[in-house]
Every structure is written in C-alpha cells, then in structure tokens.
4 protein chains.
Amino acid sequence: MAIRRMPVAGMRPESKGRGARMARRQARFTAQDLADDPRLRDHSPELWRPELGEVQRRLLSSAVRCFAANGFHATTTRDIAEGVGLSPAALYVHFPSKELVLYEIIRVGHERVLAHVQDPSIVGSGSSADRLRAIVAAYTVWHARHHVTARVCQMELNGLTAEHYAEIVEVRHRTNAYFRGAVARGVADGTFAQVDVERITRAMLSLSIDLVRWYRLDGADSPEQLGDFYADLALRLVTGPRD
Amino acid sequence: MAIRRMPVAGMRPESKGRGARMARRQARFTAQDLADDPRLRDHSPELWRPELGEVQRRLLSSAVRCFAANGFHATTTRDIAEGVGLSPAALYVHFPSKELVLYEIIRVGHERVLAHVQDPSIVGSGSSADRLRAIVAAYTVWHARHHVTARVCQMELNGLTAEHYAEIVEVRHRTNAYFRGAVARGVADGTFAQVDVERITRAMLSLSIDLVRWYRLDGADSPEQLGDFYADLALRLVTGPRD
Amino acid sequence: MAIRRMPVAGMRPESKGRGARMARRQARFTAQDLADDPRLRDHSPELWRPELGEVQRRLLSSAVRCFAANGFHATTTRDIAEGVGLSPAALYVHFPSKELVLYEIIRVGHERVLAHVQDPSIVGSGSSADRLRAIVAAYTVWHARHHVTARVCQMELNGLTAEHYAEIVEVRHRTNAYFRGAVARGVADGTFAQVDVERITRAMLSLSIDLVRWYRLDGADSPEQLGDFYADLALRLVTGPRD
Amino acid sequence: MAIRRMPVAGMRPESKGRGARMARRQARFTAQDLADDPRLRDHSPELWRPELGEVQRRLLSSAVRCFAANGFHATTTRDIAEGVGLSPAALYVHFPSKELVLYEIIRVGHERVLAHVQDPSIVGSGSSADRLRAIVAAYTVWHARHHVTARVCQMELNGLTAEHYAEIVEVRHRTNAYFRGAVARGVADGTFAQVDVERITRAMLSLSIDLVRWYRLDGADSPEQLGDFYADLALRLVTGPRD
DNA sequence: GATGAATGAGTCTTCATTCAT
DNA sequence: CATGAATGAAGACTCATTCAT
C-alpha cells in the first residue's frame with residue numbers, strides 16, 4: 001500500500017540519462033521509460049475531446065503519463081513531445097503552451113467525472129441508499145479506470161494559472177455539492193443516520209481521491225470491484241454508530 | 001471540501017513579485033505571502049531535530065510552507081531563504097542542497113508519525129478495538145496538527161533522489177504494516193468482522209492522508225476532534241456489513 | 001516633431017496578439033493593426049517591379065509596413081503573410097527567404113530614388129541653382145511620397161546579408177556623389193558660395209533622409225510642398241554667410 | 001557620406017562565426033568584433049549614472065556598442081555579456097531584462113541631451129541668435145561626442161515596451177519644444193525672418209539627429225567643429241529668403 | 001499555388017550552486 | 001556566518017524554413 005513514484009520501482013531513470021549533466025539533475029523518468037510502464041496504463045485515450053486532432057490527443061496522453069510520473073514542473077516540453085516521437089517545437093503546433101496542456105487535461109478530467117456521476121443511467125432513481133451507492137461507485141470507478149489522468153487532476157493543480165485554477169475549483173465545488181446532496185437526502189429522509197453530512201461527505205471523497213496515489217489497473221481490484229467496495233464502505237459510513 | 005491551493009484565495013501572488021518578469025511566470029507565492037497565511041499555520045517548529053541549530057530549524061519551517069504552497073520544484077532556494085530573511089547563499093551554510101532540505105523534512109515527518117502511532121502511552125494495551133481507535137486517532141491527529149508538513153510528506157515525494165525516496169518508502173511500509181497488523185489482530189481475535197484487511201487498511205490510511213489537502217488549524221475541527229471522528233469511522237469500517 | 005513608432009499611439013498591439021503568450025513579448029503590431037493605419041499609407045504599390053506577380057507585389061507592400069512599424073528583426077514571416085491573407089509557408093512560394101524580401105524592397109527603393117533624381121525631365125538643364133533645387137526637391141518628394149518604404153531603406157539596412165548590404169552601399173555612394181556633384185558645380189561656377197561641399201551635401205541629404213522618421217501623407221505638407229521647402233533650404237545652405 | 005553599418009567595412013563578421021550553424025544566420029558582429037572597432041568609440045562611459053556599479057556601467061557600454069552595430073533585436077544577451085567578459089546569466093545579476101538595459105541607455109541618453117542643451121553655462125543669456133547658436137551647437141556636440149549612444153537613442157526606440165516608449169516620447173517632446181521656443185523667440189523679436197517655426201525647427205533637429213548615422217570620432221570633424229558648422233547652418237536657416 | 005505540420009537552431013531567462021570576501 | 005556576484009545547465013517558447021499533400 002505504499003505510495004510510490006509510479007514507474008516501476010527498481011528502474012532507476014538516471015541509468016538512461018542524457019550524460020554527465022544529469023548527475024546533478026533531479027532524477028526523472030523520460031518518455032521512453034514511461035511508454036511501457038504497466039503502472040501508467042489507464043484509459044485516457046478515450047477521454048479526450050473528439051474534436052481534437054489525433055496528434056493532440058496523443059500529446060495529451062503523453063503529457064498525462066509525464067505529469068503523473070514526474071509532476072508538471074519536472075516535466076519538460078521535450079518529455080511530452082518525445083512521448084509521441086516529435087520534437088519539442090511540435091508541441092506548440094498543437095497547443096499554445098505547456099500550461100494549456102495541463103489545463104486541458106484537468107478541465108476535461110473534472111468535467112468527465114462530474115458528468116459520469118450525474119449520468120442518469122448510472123445514478124438511477126432509486127432509494128437514497130441506492131443512489132449514494134451508485135454515485136460513490138461511479139466516482140470510484142472513474143478514478144480507478146483513469147487513475148493516471150485522475151492523479152494529474154488531483155495532484156498537479158498548482159501548475160495551473162490562477163485563472164484556470166479558479167475555473168477548476170468551481171467544477172470541484174459542484175461535484176462536492178452533488179455528493180453532499182446525496183448524503184443529505186438520505187439523512188433527511190431517515191434512510192441514513194443523523195451523521196455530520198459535511199464530514200462524512202469529505203471522508204467518502206477522500207477514499208476515492210486517494211486511490212490515485214496507489215491504484216494500478218493490473219492490481220488486485222478492477223475499477224468495478226473497487227467501486228463496489230467503496231460504495232459498501234460509504235453506506236457503512238452513513239450508518240450511524242451501532243447501538 | 002475543495003482542494004485548494006493553500007494560500008488565501010484571491011490574493012494574487014504576482015502582485016508582490018520580483019518585478020515585471022513575474023507577470024509571465026507561473027503564479028507562485030513568495031515567502032512574504034506565506035509567512036502570514038493562516039492556512040499555513042501548523043506545528044512544524046516543534047518537529048525538527050533538536051540537534052539542529054536555530055537557523056536550520058527556521059529554514060525547515062520556511063521550506064515547509066513554500067513546498068506546501070507551491071510544490072518542491074516551483075520553490076526556489078531564494079524563496080526558502082527569504083522566509084527567514086536570509087540570502088539564497090545562506091541556505092548552503094546550513095544545508096548542502098535544496099533536496100536535502102526536502103529530505104530532512106520528509107524523513108523527520110515520516111519518522112515522527114511512525115513513532116507517534118507506536119508510542120505506548122498513546123496506543124495503550126487495550127482491546128483490539130481500543131488499540132485501532134488509538135492508532136487511527138494518533139495518526140490523524142499528527143497529520144492534522146502538522147498538516148502543512150504532512151502535505152509535503154505526502155505530495156512532494158517525487159522531489160527526492162532515488163536513494164532518499166527508497167528510504168522513505170521503507171518507513172512508509174513499516175507504518176502501513178503497523179496499521180495492517182492492528183486490523184488483522186482484530187479480525188483474528190473476532191473483535192472485527194471478516195473484512196478484507198488489505199483493502200480496509202488502505203481505506204483507513206486514505207482518510208487521514210487525504211486530509212492534508214484540505215485541513216486547516218483554524219477550521220471547524222481541532223486535530224483531536226478529527227482524530228476521534230476518524231477513529232469512529234475506522235471502527236465502523238471494520239464492522240462487517242450489518243445484516 | 002517627435003520620432004514616433006509609426007502606428008497609432010495608444011493602440012496597444014498586444015490586445016490583438018496571438019493569445020496570452022503575446023503578453024510577455026515585445027509589443028509589436030500585427031498585419032491587422034498595420035493594414036488600416038493612416039500613418040502607414042504611402043505609395044509603395046506603384047514602386048514594385050512590374051515583372052513581379054500580383055501576390056509578390058502585395059507581399060512586398062505588406063512587408064514594407066511590417067518592417068517600418070516593427071523593424072526587420074521583429075517582423076515574422078507570419079506577420080508579412082498575414083498582411084496578405086496567406087499562411088507563412090506561402091511566402092516561400094514567392095520569395096526564397098525573408099531577407100530577400102527586404103533586399104528586394106531596399107534595392108528597388110534605392111534604384112528608384114537614384115533614377116528619380118537623375119530623371120532628365122525633372123532635373124532639366126538649367127542653372128546650377130535650378131538644378132540643385134530640382135534634385136533636392138525630387139529626392140525629398142520621393143522620400144515623402146514613399147516614406148514608409150523609404151524608412152525601411154534607411155533604417156533596416158542591418159537586416160541585409162553582407163553581400164546585399166555592400167550592393168546597396170554602392171548605390172548610395174552613387175546617389176551621394178550625384179548630389180555632391182551638383183553642389184560642387186555651383187561652387188565651381190560661382191553660383192554658390194565657397195562652402196564646404198562635403199559637409200553641405202551631407203546636411204542636405206540629412207534633411208530628406210530624416211523625414212522618414214516623422215513624415216505622414218495625411219500631415220500638413222504634401223510631398224511637393226515639403227520638396228519645395230527643402231529645396232529652398234538647400235539653396236540657403238549653399239549661399240555663404242551673408243555679410 | 002554613406003550610411004554604413006558601423007563596424008569596419010570589409011570585415012565580415014561571419015568569418016568568425018560560431019560554426020556551420022551561422023551559415024543561415026543573419027551576419028552579425030560579436031562583442032569581440034566590436035570591442036576594437038574605431039567607429040564605435042564614443043564617450044559613453046562618462047554617461048552612465050554614477051550610482052550604478054562598475055559592472056553595470058561596463059555592461060551598458062557593451063550593450064550600446066552591440067545595439068548600435070546590430071540593432072536591439074539582433075543583439076543577444078550573450079553578446080552584451082561577452083563584451084564584458086561575463087556569461088549571459090551575469091547580465092541578470094545586474095539588470096532585470098535586456099529591455100531594461102535598452103531603456104536605461106535610452107532614458108539616460110535623452111535626459112542627458114535635454115540637460116545639456118538647457119545648461120545655463122552653455123546657453124547663456126545672449127541675443128536670440130546667440131542663444132539659438134548655443135543650443136544647436138550643444139545638441140550637435142552631444143550627439144557627435146556620444147554618437148554611438150545617440151544612435152541607439154534614435155534608432156532603437158522600437159525595442160522598448162509601450163510604457164517605456166511613452167516615457168521617452170515625453171522627454172523628446174520637451175526637447176523639441178525647447179528648440180521650437182528658441183526659434184520662435186527670434187522670430188518674435190525680429191532677429192530672425194518670418195520663417196515657418198515648426199518646419200524650420202524640424203529641419204534643424206534633423207541635421208543633428210541624422211549625424212548618428214555617419215559620424216565618427218576619428219573622422220574629419222571634432223564634435224565642436226561640427227557643432228559650430230551646424231550652428232552656422234541653423235542661423236542661415238532662420239534667415240529669411242534673401243531679397 | 002497554398003498550407004498544415006514539423007523542426008533545427010536559437011533566445012531570453014531562471015536557478016541551484018559556488019566562492020571570494 | 002553571511003552574502004554579492006557569477007555561472008553552467010537547463011527550459012519554455014519562437015521562428016525561418018521545408019515538405020508532403
């Protein structure tokens with residue numbers, strides 16, 4: 001359950017470094033390292049907006065891997081471009097800046113999660129308990145299935161400009177409010193115990209958010225299994241203290 | 001429950017920057033900004049090793065604020081030094097490199113948590129339930145009381161060299177194993193339900209780790225209150241599904 | 001009488017730039033800005049060699065405006081091409097390089113001035129005074145009528161390659177010698193005072209050359225009026241000090 | 001009287017280029033080339049503000065030579081720094097940006113000229129004619145003595161930001177108004193003919209400004225000789241047409 | 001002809017780090 | 001101890017130019 005730097009432990013990136021200059025440089029993973037890393041498999045290719053071009057979508061996927069493994073600030077435009085076999089300058093043919101690559105990733109990520117948990121075909125129209133189950137499961141499944149992208153969405157927010165950051169925070173507020181509403185409804189209609197809605201909602205979100213630190217598609221749990229498990233836990237959390 | 005960039009929202013850091021050049025730069029918070037930010041209050045000064053000098057400890061506290069607010073890579077040695085009223089070169093009188101400042105913070109942080117949750121006077125020698133309660137509460141209290149430092153410990157691991165990273169991972173493994181043991185004991189002795197130890201332990205840790213993203217000392221909950229709350233939740237998680 | 005950056009003062013070019021990245025960039029005027037600027041009206045379209053195609057001539061006119069407003073080095077091939085509604089690559093269909101666009105402008109400009117001041121129908125065959133009058137007026141009129149092009153001819157010489165620069169210098173030498181001859185003749189035949197021919201010639205040329213810095217077609221003087229005025233001044237300069 | 005690229009004609013900068021990559025690059029003069037060029041001798045070292053440090057003043061002198069020879073945009077920060085034997089990064093220890101180096105040069109230059117022509121010990125309190133003589137001579141002497149700096153002041157204005165440009169324009173307006181006043185006074189008191197004050201003032205300024213294109217300290221005229229000569233011409237210009 | 005995509009070679013600027021004082 | 005000055009090594013981004021379509 002360790003927090004790990006995502007690429008394969010034991011593989012030392014500096015072993016492939018760009019020469020002596022790397023010596024003093026922070027060890028980092030190159031696009032080469034990342035391309036084949038099983039820990040960085042996720043389903044991001046299906047995420048990107050279809051109106052973007054092929055190269056743009058591949059650049060986004062490369063950037064997601066780089067940002068997830070090394071962080072936004074430790075990722076160079078060269079890293080991103082090399083992940084697609086292009087020169088650094090090519091990035092600027094498709095995106096106006098490195099920050100806008102990050103913004104596109106984070107914005108789309110946040111919009112997709114929100115849409116996913118609000119999807120009527122998923123949420124259904126059942127009881128408060130069923131509804132909460134569905135929401136938590138959907139949220140968890142999304143984060144697990146797209147865990148590499150989700151990691152960037154959760155951990156690289158400080159690479160955004162102030163303006164873009166504010167926009168993302170707004171989406172997060174809406175998502176959080178949606179969760180809080182689901183909990184509050186169950187409390188109001190007596191399905192759940194008289195829990196502290198704010199604190200309980202926070203805890204539920206924490207569970208799913210934190211999985212971006214450790215989840216792997218090739219691990220023990222499929223996204224759906226983990227979703228079920230966390231949905232169970234969520235229900236247990238809104239069950240008041242046993243008497 | 002939003003994730004926030006830690007310093008006060010709405011305060012535009014570049015307004016105090018080093019001149020026009022800052023305009024184009026990624027918005028960042030300077031030591032000045034950070035010194036007075038209520039969100040960055042934590043109890044880090046009591047953390048540092050007593051054998052360190054006064055200036056070293058103040059540099060560590062400054063670095064913690066900078067790393068928490070802007071991230072390791074976006075923090076300059078000037079940022080850290082200015083937080084103590086020194087020049088960048090002075091940092092090197094007290095630490096051999098910026099990375100070693102981070103390492104000192106993260107290492108001490110991890111050791112302190114581990115020591116804290118293992119502290120016999122805290123854990124006691126009660127039942128499996130009492131023991132788990134105490135451990136979760138202690139872990140949570142530590143993360144809340146030192147949430148700024150804890151944020152660095154959780155989120156800036158990729159600023160470490162490979163060697164230092166490996167050392168930290170080792171400590172984390174021991175901490176996680178300690179938790180897992182407490183859960184496993186309760187399951188073994190029948191105090192808890194037959195839960196999936198691995199998954200449940202992970203969930204419990206997630207709750208406390210994730211609080212570094214949003215906790216503030218001037219918020220609604222004191223560290224102890226949050227510790228109690230999360231200890232309650234932990235117990236509820238090891239209670240099997242009610243039937 | 002100020003030297004001005006040619007486009008309308010107060011118009012902030014970056015407001016129309018290529019996005020946020022322009023902010024940090026040296027303020028420049030885009031082809032859009034320049035197209036409608038009354039200060040950049042001149043008669044360049046009639047200048048270009050008729051054997052050039054329509055698109056080539058329009059590219060030259062666009063380039064003249066860009067070079068005059070921003071300077072050769074601060075003008076991109078994109079700027080030039082956009083002034084004609086084409087992509088940067090299209091420039092290379094019509095010219096082999098950006099430098100050759102500049103060279104074509106400057107060479108044609110210099111040849112045209114020389115031809116103009118030597119035009120027998122203008123210079124006539126009158127007295128030394130009439131001849132000098134005519135030459136100065138013609139030189140001035142040309143620079144005023146084509147002041148945007150002339151500005152490029154006078155101020156962007158250092159954008160040329162060494163070879164092209166040398167060719168242009170040669171034409172300038174001939175032009176200057178032609179002026180010097182007209183002054184010398186009047187001195188020799190007693191029409192003018194015993195002035196220092198070299199210094200006086202330089203002064204006369206300075207007057208007409210410097211107008212490229214401030215002249216506008218929509219200003220107080222028409223090219224012909226200014227030509228008359230400077231011709232008067234020239235005669236006054238070759239009149240020795242009155243006693 | 002040719003306009004020349006300032007460094008020694010015949011010396012081809014690319015002969016010392018940085019290798020094959022220079023082939024396609026615009027030929028430029030390096031700091032090495034410029035250091036010993038007799039055409040680039042001027043008196044700039046005495047110009048810089050005394051509160052600046054030694055290194056800052058030497059950087060300004062180096063920058064002046066580079067900007068004069070190659071233009072602001074074709075000058076790299078490396079060029080400037082190498083002229084003082086420093087690395088490119090050292091420039092930023094002393095100036096916050098390349099543009100601010102230019103601004104310092106141009107601002108000081110403009111302030112110095114204005115102060116010089118307004119210096120009571122130079123202008124005296126004589127007749128309108130004496131006064132105009134003194135002003136024109138002082139203006140000319142300044143431009144000749146500091147012709148390399150003056151060239152930058154006159155020809156590199158478009159390297160300034162919009163804000164700095166506006167400040168400089170304001171100083172120029174004051175200088176021009178001062179000249180205009182001197183002419184207008186002589187016209188008003190009957191010392192001069194009823195000349196067109198605006199046009200005549202412009203012509204007088206043109207003479208002195210244009211000398212930055214061709215003047216050399218090792219040429220035929222000393223600054224004072226040229227000042228006398230242009231003062232004579234100026235008086236001849238304000239003498240009405242002979243009857 | 002025209003252009004979208006691509007890139008080699010730079011350019012300004014930053015920054016961790018060193019060192020003489 | 002502290003620092004001002006200096007720098008090697010990057011890094012984001014630009015741009016003239018090429019080329020397949």
Side-chain angles (χ1 to χ4, degrees), chain A residues 18-26 53 55 73-81 85-99, chain B residues 18 21-22 24-26 53 55 73-81 85-99 101, chain C residues 18 21-22 24-26 53 55 73-81 84-99 101, chain D residues 18-26 53-56 73-81 84-99:
Chain A
R18 299 180 204 133
R21 282 179 293 169
M22 290 289 284
R24 219 156 78 195
R25 201 174 179 302
Q26 183 59 41
V55 180
H73 285 111
T75 296
T76 69
T77 52
R78 161 165 272 113
D79 291 336
I80 300 170
L86 292 175
S87 75
L91 179 66
Y92 293 88
V93 173
H94 300 283
F95 291 95
S97 74
K98 181 182 149 189
E99 193 268 345
Chain B
R18 294 178 210 136
R21 276 181 301 163
M22 291 289 285
R24 78 171 66 166
R25 209 173 175 304
Q26 182 59 40
V55 181
H73 285 111
T75 296
T76 69
T77 53
R78 161 163 273 115
D79 291 334
I80 299 169
L86 293 176
S87 74
L91 180 67
Y92 291 86
V93 173
H94 301 281
F95 291 95
S97 75
K98 180 181 150 189
E99 193 269 345
V101 173
Chain C
R18 295 179 212 135
R21 274 181 301 163
M22 291 289 285
R24 79 171 65 167
R25 208 174 175 304
Q26 183 58 41
V55 180
H73 285 110
T75 296
T76 69
T77 53
R78 162 165 272 116
D79 291 334
I80 299 170
V84 184
L86 293 176
S87 76
L91 180 68
Y92 292 85
V93 173
H94 301 282
F95 291 95
S97 75
K98 181 182 149 189
E99 194 269 344
V101 173
Chain D
R18 296 178 207 137
R21 283 179 292 168
M22 290 289 284
R24 220 157 77 194
R25 202 176 178 302
Q26 182 58 41
E54 157 83 1
V55 179
Q56 278 176 306
H73 285 111
T75 296
T76 68
T77 53
R78 163 164 270 116
D79 292 334
I80 299 171
V84 184
L86 293 176
S87 77
L91 179 65
Y92 293 87
V93 173
H94 300 282
F95 292 95
S97 74
K98 182 181 149 190
E99 194 268 345

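Letters go in sequence order (proteins before strands), and every chain restarts at 1.
Rounded to whole Å, the distance from CG on D:L86 to C1' on F:dG8 is 14 Å. Between the P atom of E:dA16 and the CZ atom of B:F95 lies a distance of 15 Å, rounded to the nearest Å. Rounded to an integer number of Å, the gap from CZ of A:R78 to C1' of E:dA6 is 14 Å. Computed from coordinates, the B:Y92 OH to E:dC19 C1' distance equals 13 Å when rounded to whole Å. F:dG11 atom C1' lies 13 Å from atom NE2 of B:H73, rounded to whole Å. Counting to the nearest Å, the P atom of F:dA16 and the CD atom of C:E99 are 13 Å from each other. Counting to the nearest Å, the C1' atom of F:dA12 and the NZ atom of A:K98 are 8 Å from each other.
Taking CZ of B:F95 as the start and CD1 of B:I80 as the end, the distance is 9.0 Å to the nearest 0.5 Å.
Close to E:dA2, at under 4.0 Å from its OP1 or OP2, lies a side-chain N or O of C:H94. In this structure, A:T77 reaches the F:dA12 phosphate: one of its side-chain N or O atoms is under 4.0 Å from OP1 or OP2.
Looking at A:V55 and A:V93, their side chains never come closer than 4.5 Å, going by heavy atoms from C-beta outward. For the pair A:L91/A:L86, no side-chain contact is recorded, criterion being any heavy-atom separation below 4.5 Å from C-beta on.
Listed candidates were F:dC13, E:dT13, E:dA2. Nearest to the side chain of D:S97 is E:dT13. Comparing E:dT3, E:dC15, F:dC15 by their closest approach to the side chain of C:A89 singles out E:dT3. Counting only heavy atoms from C-beta on, D:V55 has its side chain closest to F:dA6 among E:dT3, F:dC1, F:dA6. For B:P88, counting side-chain heavy atoms from C-beta on, the closest listed nucleotide (E:dT13, F:dT7, E:dT17) is E:dT17. Of the listed nucleotides (F:dG11, F:dA6, E:dA2), F:dA6 has the atom at the smallest distance from the side chain of D:A90.
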Would you sketch DNA chain F in dot-bracket for me? Only Watson-Crick or G-U wobble pairs with both distances under 3.5 Å count, crossing pairs as [ ], other-strand pairs as |, the rest as dots. .||||||||||||||||||||
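The heavy-atom pair separating C:A81 from C:S87 by the smallest distance is CB-O, 3.3 Å. Heavy-atom minimum distance, C:A74 versus C:D79: O-OD2, 4.0 Å.
Using a 4.0 Å heavy-atom distance criterion, C:L91 is classed as making no nucleic acid contact.
Side-chain N or O atoms of D:K98 include one that pairs as donor or acceptor with a backbone N or O of D:T75 at under 3.5 Å.
Heavy-atom nearest nucleotides on DNA chain F were determined for C:P96 and for B:G85, and the one closer to the 5' end corresponds to B:G85.
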